[in-house]
> 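Structure in structure tokens, see below.
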Protein chains: 2
Amino acid sequence: MTDVAARAKVSLKTVSRVVNGEPGVAAATIETVEKAVAELGYRADLQARGLRRGDRRSQSVGLIVSAIANPFDAEIHGAVEAFAGERDIVVLGLSSGGDPDIELRRATSLFERQIDGLIISCAGPDQQPLIDLAEKRPVVFIDREPSVPLGDAVVTDNQMGAVRATRHLVTAGHRRIALLADDQRIQTARLRCEGFLAAMDEFGIGPDAELIRCDLLNEEMAHAATHELLSSPNPPTAIFAAQNALTIGALRAIHQLGLEGRVGLVSFDDIPHGDMFPVGLTAITQDPTRIGQVAIERLLGRIDGSITTPPERIVVPTGFVVRGSGEIPPPNGE
Amino acid sequence: MTDVAARAKVSLKTVSRVVNGEPGVAAATIETVEKAVAELGYRADLQARGLRRGDRRSQSVGLIVSAIANPFDAEIHGAVEAFAGERDIVVLGLSSGGDPDIELRRATSLFERQIDGLIISCAGPDQQPLIDLAEKRPVVFIDREPSVPLGDAVVTDNQMGAVRATRHLVTAGHRRIALLADDQRIQTARLRCEGFLAAMDEFGIGPDAELIRCDLLNEEMAHAATHELLSSPNPPTAIFAAQNALTIGALRAIHQLGLEGRVGLVSFDDIPHGDMFPVGLTAITQDPTRIGQVAIERLLGRIDGSITTPPERIVVPTGFVVRGSGEIPPPNGE
DNA sequence: GTGAAAGCGCTAACAC
DNA sequence: GTGTTAGCGCTTTCAC
């Protein structure tokens, strides 16, 4: 910038004014400076600019999810990036792997880089350390909401989604419905269980410990559980898989046992090309794009001060796609 | 930091030394300073640090792909982030949408933020402007290689992958094989076409303009083309879909016409759960994780100066999964 | 072993 | 309209 000033024979500050489009510079001067900028191939240094600016804004935000490469998180990232990109704000996207320690380290790394705000799908049970790190900078929680309202939260309606799925199966005639659920330390997993139980209860169907399989951590465990359930003397006539990896496991077990089209199945969260399976997958769908979009809008609003209301909980409704697997009736006589 | 110095009753520089783990500080002093750091909740400002440091490193790298949310790009991003994260380097991931202008604007935005290097899947035909922006900082090209060797390139073996796919179909007995190919302005699409034609030629099968459908931009166009091909009086007995969106389109058309299991199909690039379709999908697979990993290793090597050899072209081989659709023989009498 | 002074690239505040 | 001075938070250089 000093070079540009020398070349254009003006002061540093004038160059600064031109580069930042500040008013009060003569048209002729602007031209001279711009010529010098072009000739020298000058590029602004946003890092240095941020250092001196009153607001200390870096025009960057952080995003921490469990695994940035998985489709759900990637779609959120895409939506956040698209919206932020319009305002020339960049996104630093990191994965926590679901580990609270890594999560905190990554967050530290981001705040040290002076991000203006953070969107996070929190792995840890306690969000206070995170807020301390943030030092007044806004944090928007996605997917899982904090125990205390430390920031806005944008979440899927997990409970209602599970209720809808369960009702759908009961309405198709099922009463012996198995539940495949994720790690119960995860809030969303618990909410989906609760929704299932509540919906069953609406129809006067009490919980059957035999049919409830919680803490299934991955596809393999879901596969094994489904296999066992369907091979038992008194198998369920339908399954509610409360997470998509578990759905895959269940589908494989059903396929392996040759029971396609004979066991009802509704999945929480869709899987890609779920319509192209031998029996189309009926699923509760989430809307990660919308989650990302709402989260970044909220965050930018907090950053620029246009939103000053107390932290809110914003619920993004689920969708429902009917494709066959959820409409299979129970066998006769059940 | 000034506050910490005051609190620990030492000079600024001593605090700096302790924070950066520089040698030559008395153990007792270190302790005093660390106590003050903890009490004040002091956090380093990496932005300011980078400003004064001799090397001007920001410990961040950029990644520009076509759409960070799509599975292929997301997996690359995941691999890059994982590897960079180990060294506490953050990744700024942006999408270009395949538009050369946006690409250049995003790149400018990244370099202004002082990234140490860039990994890019280039949309534009000319990479020189990008290199000018980089101002000596290393750039690693992925997926598509630059016309002139302006930086390392990490690419899939597109041609050989297409050759393998085609040979597989011919070996299964097919001679009338249709080609569904992407926008021919894209280098990778062209290479796959060339591979197809070369492999056909190996078996003495000349190109049949009827069966070659290029410039299919999306699933819908592939669907329409496949539908038309298979409904024609003299339909192909097999299809090579040179991109996964095109594969989906072809699968839908095959399904719609009730021709499942009667038309050979090999896909370039796998699609999620390709094993769970009525007829498993036989596919040439790419390895985006490996591409990302090789690219970031290369980039970090260039940044820290451990790699000083001329730009190289690194080819990541394709895989091949056989699941049924590619092993369907042609109907009798063909 | 520790500290004082200078300065990275830029902008705020105020002069002229 | 434009320039001058100071200083963001930190590291460098060099002195003690």
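Note on naming: letters A, B, ... go to the chains in the order of the sequence lines (proteins, then strands), and numbering restarts at 1 for each one. Remember, predicted model here, so these are calculated numbers, not experimental data.
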> By nearest nucleotide on DNA chain C, pick out whichever of A:Y42 and B:S11 is the more 5' one.
B:S11
> Kindly say if A:S16 contacts the phosphate of C:dC10, meaning a side-chain N or O under 4.0 Å from OP1 or OP2.
no
> Any base atoms under 4.0 Å from A:T29, or only sugar-phosphate, or nothing? Heavy atoms, all strands.
sugar-phosphate
> Could you tell me the separation between the CZ atom of B:R57 and the P atom of D:dT12, rounded to a whole number of Å?
13 Å
> Regarding B:E312 and B:R298, does a basic nitrogen lie under 4.0 Å from an acidic carboxylate oxygen?
yes
> Between atom CG of A:D88 and atom CD of A:E86, what is the distance when rounded to the nearest 0.5 Å?
11.0 Å
> Rounded to the Å, how far apart are B:N20 CG and D:dG9 P?
17 Å
> Looking at A:K35 and A:E31, does any basic side-chain N land under 4.0 Å from a carboxylate oxygen?
no
> Hey, what do you get for OG (B:S121) to CZ (B:R144), rounding to the nearest 0.5 Å?
4.5 Å
> To the nearest Å, how far apart are B:M1 CE and D:dT12 P?
11 Å
> Do other residues, nucleotides or ligands put more than 12 heavy atoms under 6.0 Å from the CZ atom of B:R290?
no
> Both A:R53 and B:R56 contact DNA chain C. Which one's nearest nucleotide lies toward the 5' end?
B:R56
> Between D:dG3, C:dG9, C:dG3, which nucleotide gets closest to the side-chain atoms of A:D45?
C:dG9
> Measure from CD on A:E22 to P on C:dA13 and round the result to the nearest Å.
11 Å
> Taking donor-acceptor contacts at under 3.5 Å, does the side chain of A:R52 reach the base of D:dG9?
no
> Where the side chain of B:L12 is concerned, which of C:dG3, D:dT11, D:dG3 is the nearest nucleotide?
D:dT11
> Would you mind reading off the distance between A:E31 atom CD and D:dG1 atom C1', rounded to a whole angstrom?
16 Å
> Mind checking if B:V19 touches a base, just sugar-phosphate, or nothing, with heavy atoms under 4.0 Å?
nothing
> Rounded to the Å, how far apart are B:R17 CZ and C:dA4 P?
11 Å
> What's the CZ-C1' distance between A:R43 and C:dG9, to the nearest Å?
16 Å
> Nearest-Å distance, CG (B:D55) to C1' (C:dC8)?
12 Å
